[in-house]
Amino acid sequence: MENGNLLAGQVESLLFVAGDDGLTAKQLSELTESDREAVERALAQIDEACRLEGRGLRVVELAGTFRLATKPEHADAVRRLLENPTSQALTQASLEVLAIIAYRQPITRVEVEEIRGVKSERPIQTLVARGLVKEAGRAQGTGRAILYGTTDIFLDYFGLASLDDLPPLAGRDDEAADEELDLFMTSFTETFDEEGSEE
Amino acid sequence: MENGNLLAGQVESLLFVAGDDGLTAKQLSELTESDREAVERALAQIDEACRLEGRGLRVVELAGTFRLATKPEHADAVRRLLENPTSQALTQASLEVLAIIAYRQPITRVEVEEIRGVKSERPIQTLVARGLVKEAGRAQGTGRAILYGTTDIFLDYFGLASLDDLPPLAGRDDEAADEELDLFMTSFTETFDEEGSEE
Amino acid sequence: MSYLVKLEAFEGPLDLLLHLINRMEIDIYDIPMAELTRQYIDHIHTMQVLELNEMSEYLVMAATLLAIKSKMLLPVHEEEAPDTDEFVEDGPDPRDELVERLIEYRKYKEAAATLKEYGEERGKSFTRQPAEPSLTEGTAAALPEEGLNVHDMIAAFRKMMERKKLRAPLMTRVTRQEISIAETMEKLVGRLGGSGGRAVFSDLFETGERSELVVTFLSLLELMKQQRITVEQERNFDDLTVVLRKEVL
C-alpha cells in the first residue's frame with residue numbers, strides 16, 4: 001500500500017520529535033489522521049526496518065506509549081557521548097536550571113521543576129556544589145522550602161557586574177506579544193465603545 | 001564492508017541522542033573510534049537510507065554539526081504534535097537587519113542603519129535577544145562601537161551548514177561595483193566616525 | 001486607519017523610494033528626480049501620524065531629494081580651458097550617491113526575502129532535544145571551567161522553552177486558569193490602598209504572564225472607567241502612576 005509508506009514516515013517523524021515522552025497509538029492515529037490499525041501496521045513496519053544492522057534505533061513500547069530509542073548494542077558509544085564532559089548535552093540541564101534561578105530568584109526547587117517540567121534536584125546540587133547557586137532563605141508557608149539564588153561566583157563566572165546586567169529574556173516573545181496585545185486592544189476598544197454607547 | 005553497517009548504526013544512535021546539539025564529524029569519529037572517512041561514509045549511508053518513503057528522518061548539517069531531523073514532507077503532522085508550532089516569525093525589519101549583518105559581518109549598528117536608512121536599534125536588540133546575532137568585538141577607532149555577527153542559532157534557523165552556504169547576494173555588482181562600494185562605505189564610515197566622536 | 005497599514009509596509013525612506021520607483025516603472029539608473037520627489041513628498045504627507053523620530057528620517061530624505069533635483073536643474077558649467085579634448089566632463093551625476101544607496105539597500109532587502117524562504121523551509125524540519133543525561137546513571141552534570149557565557153545560558157533556557165512546547169499536553173485543550181476581572185480589580189484596589197493609594201503602573205503586573213497581564217490591564221481600564229482610579233504621567237514615556245481616588249479609600 002503506497003499510503004503505508006507515507007504513514008510509516010510520518011510516524012517515525014512523530015516518534016522522533018516526541019522524544020522521551022513517546023506517543024500512544026491513539027495519539028499517533030489522531031496526529032496522522034489515520035485509523036488505528038494502519039498506525040499499528042506502520043509501527044510494525046518501522047520496527048522491522050530498524051532491525052537492519054545499519055540502523056541505530058528501535059521502537060520500544062513502554063506503558064502504552066511508543067518511542068524511539070537507541071539499540072542496546074550501541075550503548076558503549078552512547079555512554080561515551082553522555083559521559084563526555086565537553087558534551088553540550090551534559091551542561092544543558094545545569095544551564096537551564098541556572099538560567100531559571102538567575103532570572104527568577106529567589107525560587108524554590110519545586111518552582112524550577114514546574115518551569116522545566118523535569119526533576120531538577122541533581123542539577124541544583126551540582127550548581128550549589130560549584131558555588132554558582134546558594135540557599136537564599138526559606139519560602140513562606142507550609143514546608144518552608146529552600147529558596148535558591150545566585151552567588152557572586154555566578155556573576156564572576158559570567159562576567160557580570162551585577163544581576164542588573166543579565167540580558168533581557170523577554171525579547172523572543174516581544175513581537176508576538178505586541179501583536180497579540182494589538183489584537184486585544186482592538187477588540188477591547190470595540191467592546192468598550194459599545195458599552196460606552198449604551199450609557 | 002560489514003563494519004560499515006555497524007558504524008552506521010552507531011552513528012544513527014549517537015545523532016539521535018545528541019538531538020539538536022548535533023555532532024561534528026570529528027566528534028562522531030572519536031565516539032565511534034573510527035576514522036573520519038568511515039564516519040563520512042556512514043553519514044552518507046544513513047542519509048541514503050532515509051530517502052526511502054517509509055522513513056521519516058533525514059540527516060542535516062546545520063551550523064557545522066550533523067543532526068537527525070524530520071523530513072519536510074511530514075511537517076504538517078509534526079506541527080499538529082507541537083503545541084505552538086509556528087515559531088515566531090521575524091519582522092521585515094529584523095530580517096533586513098539580519099541579512100545585512102549576515103553578509104557584512106562584523107558590522108556596527110551605525111553601518112547597518114546607513115544601509116537601511118533607518119534606525120535599527122530595536123531590531124538588533126530583538127535579534128540579540130533571540131540569539132541570532134551576537135556581539136563580535138569592537139570597531140577600531142573612536143567610540144569603539146560594538147561589532148555584530150551572526151551565531152550558530154542563525155545558521156540553524158535558516159538551515160545553513162556554515163556562512164559559506166549563504167545564498168549569493170543578488171545584484172549586478174561585479175568587482176568594479178564592489179570597489180566603488182568599498183570606497184563609498186569608507187567615506188561613510190569616515191563621516192560616521194566624526195559623528196561618533198561627538199557622542 | 002488605512003494609511004496606518006500602508007505605513008507599516010515601509011521600512012524607511014529607502015524602502016519607500018524603491019516602492020515608488022517600482023510602481024512608476026522607471027529605470028533606477030535614470031531616475032526622473034522631479035517626478036520621484038513629487039510622489040515621495042505626496043506620500044509622506046499621508047504619513048503625518050508617524051513618530052517624530054521616524055518621521056525625521058523621511059524628512060531628511062525629502063531634503064536630499066530636493067537637493068538632488070535642484071542640482072540637476074543647474075546649468076552644467078563649461079570647463080575653462082578644455083585643452084584635453086572636446087568632451088566636457090559633466091562631473092558626477094548628482095543622483096549617483098542616491099542610486100548607490102538604493103541598490104545597496106535593495107540587495108539586502110532581496111537577501112532578507114531569500115533568508116525568509118530558507119527559514120520557512122528549515123521550519124519544516126524538526127529536531128529533538130538531546131537525551132536527558134540524568135536518565136543515565138552516574139553522569140553528573142559538570143560545567144566546564146571556561147568557555148561558557150551568559151548567552152549559552154540563555155540559549156539553554158530558550159531550548160528548554162522550545163522543549164516545553166513539545167511536552168505540552170497533547171490533544172487536550174489547555175484550560176487557562178481564569179482570573180476574574182472582578183477579583184483582580186479588588187486585588188488592585190487593595191494593593192493601592194496598601195501602598196498609600198499610589199503605585200507605579202508596571203509594578204502592578206506581578207508574574208508577567210500574558211494572561212495575568214491582560215486581565216490586570218483590563219481591570220485597570222475598568223477601574224478607570226468606574227472612576228475609582230486615575231492614571232498620572234509626568235512626562236511622555238515616563239512610567240505611569242496609578243492613583244486610587246480619595247473617595248474610594
Side-chain angles (χ1 to χ4, degrees), chain B residues 16-22 58 60 62 67-75 78-79 81-87 89-90 92-93 95-100 102-104 114-119 128-131 134 151 153 156-160 166-167 169-173 177 180-181 184, chain C residues 8-17 53-54 56-58 60-61 96-97 100-131 133 136 149 151 154-155 158-159 162-171 174:
Chain B
F16 176 78
V17 171
D20 48 22
D21 282 340
R58 60 177 181 154
V60 290
L62 292 171
R67 318 165 189 204
L68 289 176
T70 61
K71 284 185 182 170
E73 55 261 45
H74 302 135
V78 177
R79 288 212 180 98
L81 168 64
L82 302 180
E83 163 103 345
N84 188 1
T86 44
S87 79
L90 291 167
Q92 180 62 22
L95 275 167
E96 282 184 17
V97 170
L98 194 53
I100 293 168
Y103 287 93
R104 297 295 285 261
E114 202 38 53
I115 293 174
R116 293 188 68 224
V118 283
K119 292 256 173 281
V128 170
R130 290 188 68 165
K134 63 166 190 250
T151 63
I153 295 175
D156 185 351
Y157 190 96
F158 293 102
L160 305 168
L166 276 174
L169 265 187
R172 54 212 80 224
D173 55 40
E180 216 169 34
L181 196 70
F184 173 66
Chain C
E8 280 169 9
F10 298 112
E11 289 298 329
L14 293 173
D15 197 18
L16 173 54
L17 282 175
N53 195 14
E54 214 171 313
S56 64
E57 288 159 348
Y58 285 90
V60 167
M61 179 57 75
D96 281 355
E97 188 179 307
E100 282 292 355
R101 288 191 68 186
L102 285 170
I103 288 170
E104 176 74 350
Y105 170 68
R106 188 173 64 182
K107 225 160 64 176
Y108 294 107
K109 189 175 153 67
E110 283 165 6
T114 314
L115 277 182
K116 188 169 183 230
E117 283 166 24
Y118 274 50
E120 281 163 4
E121 196 50 36
R122 168 68 184 89
K124 290 179 187 166
S125 261
F126 300 87
T127 53
R128 67 193 286 277
Q129 74 274 17
T136 39
N149 60 38
H151 297 285
I154 291 176
R158 196 174 287 118
K159 266 188 189 169
E162 295 291 326
R163 194 183 69 222
K164 289 258 293 177
K165 282 182 205 157
L166 217 66
R167 292 199 167 158
L170 191 60
M171 299 302 170
V174 180

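Residue numbers begin at 1 in each chain, while the letters A, B, ... track the order of the sequences.
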Any donor-acceptor N/O pair, C/Glu57 side chain to B/Lys119 backbone, under 3.5 Å: yes
Heavy-atom distances under 4.5 Å only: say whether C/Glu117 touches chain B with side chain, backbone, both or neither. neither
Tightest non-hydrogen contact, residues C/Arg122 and B/Tyr157, listed as CG-O, 3.2 Å
Atom of B/Val78, atom of C/Phe126 and distance for their closest heavy-atom approach: CG1-CD1, 3.3 Å
On a heavy-atom basis, which atom in B/Tyr103 and which in C/Ala111 lie closest, and how many Å separate them? CE1-CB, 3.6 Å
Got a second to check how far C/Thr127's OG1 is from B/Asp21's CG, nearest 0.5 Å? 9.0 Å
So, do C/Lys124 and B/Glu73 sit near enough that their side-chain heavy atoms are less than 4.5 Å apart? no
CG/B/Leu166 to CG/C/Leu115 distance, rounded to the nearest 0.5 angstrom? 6.5 Å
Salt bridge flag under 4.0 Å for residues B/Arg104 and C/Glu104: yes
CG on C/Leu14 to CD1 on B/Ile115, rounded to 0.5 Å: 10.5 Å
Which of the residues B/Asp156, B/Leu98, B/Thr151 is involved in the greatest number of heavy-atom pairs with chain C at under 4.5 angstrom? B/Asp156
Assess, by modelled atom type and distance only, whether the side chains of C/Tyr108 and B/Arg116 contain a donor and an acceptor separated by less than 3.5 Å. no
List the atom of B/Val118, the atom of C/Glu11, and the distance in Å for their closest heavy-atom pair. CG2-O, 3.2 Å
Please report the closest heavy-atom contact between B/Pro167 and C/Tyr118, naming both atoms and the distance. CB-OH, 3.6 Å
Checking side chain to side chain donor-acceptor pair (under 3.5 Å) between C/Ser125 and each of B/Lys71, B/Arg58, B/His74, B/Arg67, which is the one that passes? B/Arg58
Report which part of B/Leu68 has an atom under 4.5 Å of a heavy atom belonging to chain C: side chain, backbone, both, or neither. backbone
